[in-house]
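So the structure is just underneath, and the comments pick up after that.
Chain letters run A, B, ... following the sequence lines, proteins first, then strands; residues in each count from 1.
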Protein chains: 2
Amino acid sequence: MSVSDDIGRRGAPTTQRRGRRAAPLPPSDDVEDAAAASGGDLDLSGLTDVVGYALRRAQLAVFEDFIARFAALDLKPAQYSVLLVIGRNPGRKQSEIAAALGIQRPNFVAMLDELERRGLAERVRSTTDRRSHAIVLTDDGRALLDRALEVQREQEAIIADRLGPGGRDALVALLHRLTDTPLAERD
Amino acid sequence: MSVSDDIGRRGAPTTQRRGRRAAPLPPSDDVEDAAAASGGDLDLSGLTDVVGYALRRAQLAVFEDFIARFAALDLKPAQYSVLLVIGRNPGRKQSEIAAALGIQRPNFVAMLDELERRGLAERVRSTTDRRSHAIVLTDDGRALLDRALEVQREQEAIIADRLGPGGRDALVALLHRLTDTPLAERD
DNA sequence: TATTGTTATACTCTATAACTATA
DNA sequence: TATAGTTATAGAGTATAACAATA
C-alpha cells in the first residue's frame, strides 16, 4: 500500500446484518427517527464483504496474535522478518536486505542499530567495497531466530487449525495471486 | 494488530527460491565468501510462505490499487469506509460510527471535521441527548458515495478476475474465519 | 458518577532530501 | 558521476489522559 492509510483498526467488530448483495442506501427520512429506531449493531454491509477490508482486518488479527506471541522474545514483526532474512542470507549488503523487505534504506538504519545494540546482528565492513556493510547474525542472533522460528511455527499451526490444513494452503495461494503481479497492470 | 508494527512494506519483492519446507539456516561459513557467492535474489523462504506475511503483502497491494482508483474522488480508504458506514447508518452517534470502524473517538474528530468541511457529512445535535451528535450524509455526500461504490465494484471485479469468482468468495470466507474469533482464544 | 465529544500529546511507521565516504 | 550508508525531517496513523458539557 502506498502512504499510510488504513481502513480497519484495532478491535473493530465485524458486524453483518443484511444479505450479501449490495444493500441500497436507506432512505434519508427523518434523522431523529433513524437514530431513535436504531440501537443495535451497525450495518457494515459493503465493507465486511469486500476483499480489501476483509484483508485489512485479517492482517490486523494475525499481527495482533503475532505480537502477543513474540512479546516474550521482544521481537516485533518487522524485527523478526529482518532477523529471518539476514539468517537466510548472511553476508548480504545492508541495502539488499532492506530492499528485499521493502524497507526504505534510511529507515533500516535505526532498525539495524537496534539489532546490533542487542547483539543479534553485526555490520561487517566489506573489504572489496568499503562503502557497503555485509550483515550477519551473531551466535545470539541465530539462537534467538531459532526460538522465533519455533514460535512462528506455533502460530501457523493455530491458523491451520482454524482454516483446516487445506484452507491455510489455499489462503496463501490466493494471497500470492494478488501479490505476484500488480493489480493495476491487469486492466 | 496491536500498536503499529509492520512486516512488509511498499514494493517488497516476493522472492521464493527454496522449497516449501522450512529451509535450514545456511552454515555460517566465511562471511566474505557468502557475500561474494551471492548476487541474485534473496532467499525469503519462511517469510513469503507464511500467512501473516502473505496477508500483509496482499493487503498492501490491494490498498495501493484502491488508493490509485480513489484518487480521482479524493477519498482515502478510511474516508471511504466512514462515508459508507454513515450512508448505511444515518443518524447514528459519532461514537457508534467510530467504534464500528475500530477508530478511536479522539482520532475520529479530525476525520469528521474534514468530511464536514468538504460538505459530505454533517453533525446534527441530538434533541434527546444534547451530548451526542447524530451523523448524516449530505446530498453531496450521498452522491460521492454512489460514485465510490461504483469504483469499489470495479476493484472487486478486477480481484475476482484475478482469483476467479469462486476464488474471491473463498478468500473472503477464509479471511472471515480469521477475524470472527480472536486467534489467541483458540488455544 | 458516567458518557459524548474534544483537545493535547506522544509514539510508531513511512517517505524524501541531502550529506559523507567511497567507488 | 554514481552508490552505500547515514542524518534530518516531515507526514500519516494510532494510542492515552484529561477536560467541558451533559446526562
Side-chain angles (χ1 to χ4, degrees), chain A residues 1-12 35 39 56-57 59-60 63-64 67 75-82 91-116 121-135, chain B residues 1-12 35 56-57 59-60 63-64 67 74-82 91-116 121-135:
Chain A
M1 144 126 350
S2 169
V3 228
S4 42
D5 326 74
D6 279 337
I7 270 188
R9 272 75 160 209
R10 276 259 247 174
R56 175 69 181 155
R57 308 240 6 112
Q59 187 252 311
L60 288 176
F63 268 49
E64 184 168 18
I67 289 169
L75 280 180
K76 287 181 284 188
Q79 290 176 313
Y80 168 70
S81 70
V82 170
R92 286 293 197 139
K93 287 196 301 184
Q94 181 170 330
S95 54
E96 289 179 313
I97 305 282
L101 289 166
I103 302 175
Q104 302 288 328
R105 273 66 71 204
N107 297 331
F108 195 57
V109 174
M111 188 123 217
L112 256 188
D113 285 349
E114 172 67 6
L115 294 181
E116 223 171 4
E122 273 178 353
R123 290 181 243 232
V124 180
R125 201 109 223 167
S126 165
T127 53
T128 58
D129 183 344
R130 281 168 43 231
R131 289 173 302 181
S132 69
H133 294 157
I135 312 297
Chain B
M1 140 142 344
S2 167
V3 230
S4 41
D5 325 75
D6 277 338
I7 269 187
R9 270 76 162 210
R10 277 256 248 176
R56 175 71 181 155
R57 309 246 358 117
Q59 186 252 311
L60 289 175
F63 268 49
E64 185 168 17
I67 289 169
D74 193 19
L75 280 181
K76 287 179 284 187
Q79 291 176 312
Y80 167 71
S81 68
V82 169
R92 287 295 198 136
K93 288 195 301 183
Q94 182 170 327
S95 54
E96 288 179 316
I97 305 282
L101 288 166
I103 303 174
Q104 304 288 328
R105 273 68 71 204
N107 297 331
F108 195 56
V109 174
M111 190 123 216
L112 256 188
D113 285 348
E114 172 67 6
L115 293 181
E116 223 171 6
E122 272 178 354
R123 290 181 241 231
V124 181
R125 200 109 224 169
S126 166
T127 53
T128 58
D129 182 344
R130 284 168 43 229
R131 289 173 302 183
S132 70
H133 293 159
I135 312 298

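Residue Pro106(A) places its side chain closer to dT7(D) than to any other of dG5(D), dA15(C), dT7(D). For Lys76(B), the side-chain atoms get nearest to dA12(D) when compared with the rest of dT6(D), dA12(D), dT6(C).
Between the CZ atom of Arg125(A) and the P atom of dG5(D) there is a distance of 8 Å, given to the nearest Å. Regarding Asn107(B), its CG atom lies at a distance of 12 Å from the C1' atom of dT7(C), rounded to whole Å. Here dT3(D) presents its P atom at 10 Å from NZ of Lys93(A), a figure rounded to the nearest Å. Gln104(A) places its CD atom 16 Å from the C1' atom of dT3(D), with the value rounded to the nearest Å. A straight line from CZ of Arg105(B) to P of dC19(D) spans 19 Å, rounded to a whole angstrom. The nearest whole Å value for the distance from the CZ atom in Phe108(A) to the P atom in dA8(D) is 20 Å. The interatomic distance linking Met111(A) (CE) with dT7(D) (P) rounds to 16 Å, in whole Å. Whole-Å rounding puts the Ile103(A) CD1 to dT16(C) C1' distance at 17 Å.
Here Arg123(A) reaches the OP1 or OP2 of dT6(D): one of its side-chain N or O atoms lies under 4.0 Å away. Contact check, Gln94(B) against dT6(C): a side-chain N or O comes under 4.0 Å of OP1 or OP2. Between Arg131(A) and dA23(C) there is no side-chain N or O to OP1 or OP2 distance below 4.0 Å. OP1 or OP2 of dA23(D) lies within a sub-4.0 Å distance of a side-chain N or O belonging to Arg130(B).
Val82(B) is listed as a side-chain neighbour of Ile103(B), based on a closest heavy-atom distance under 4.5 Å. With contacts defined as side-chain heavy-atom distances shorter than 4.5 Å, the pair Lys93(A)/His133(A) does not qualify.
Base pairing in DNA chain C gives the following stems of 3 or more Watson-Crick or G-U pairs, range against range and under 3.5 Å: C:1-23 with D:1-23.
Counting distance only, with no hydrogens placed and no angle test, the side-chain atoms of Asp129(A) and the base atoms of dA4(D) include no donor-acceptor pair under 3.5 Å.
In plain terms, the two heavy atoms of Arg131(B) and Arg125(B) that are nearest each other are O-NH2, 3.6 Å.
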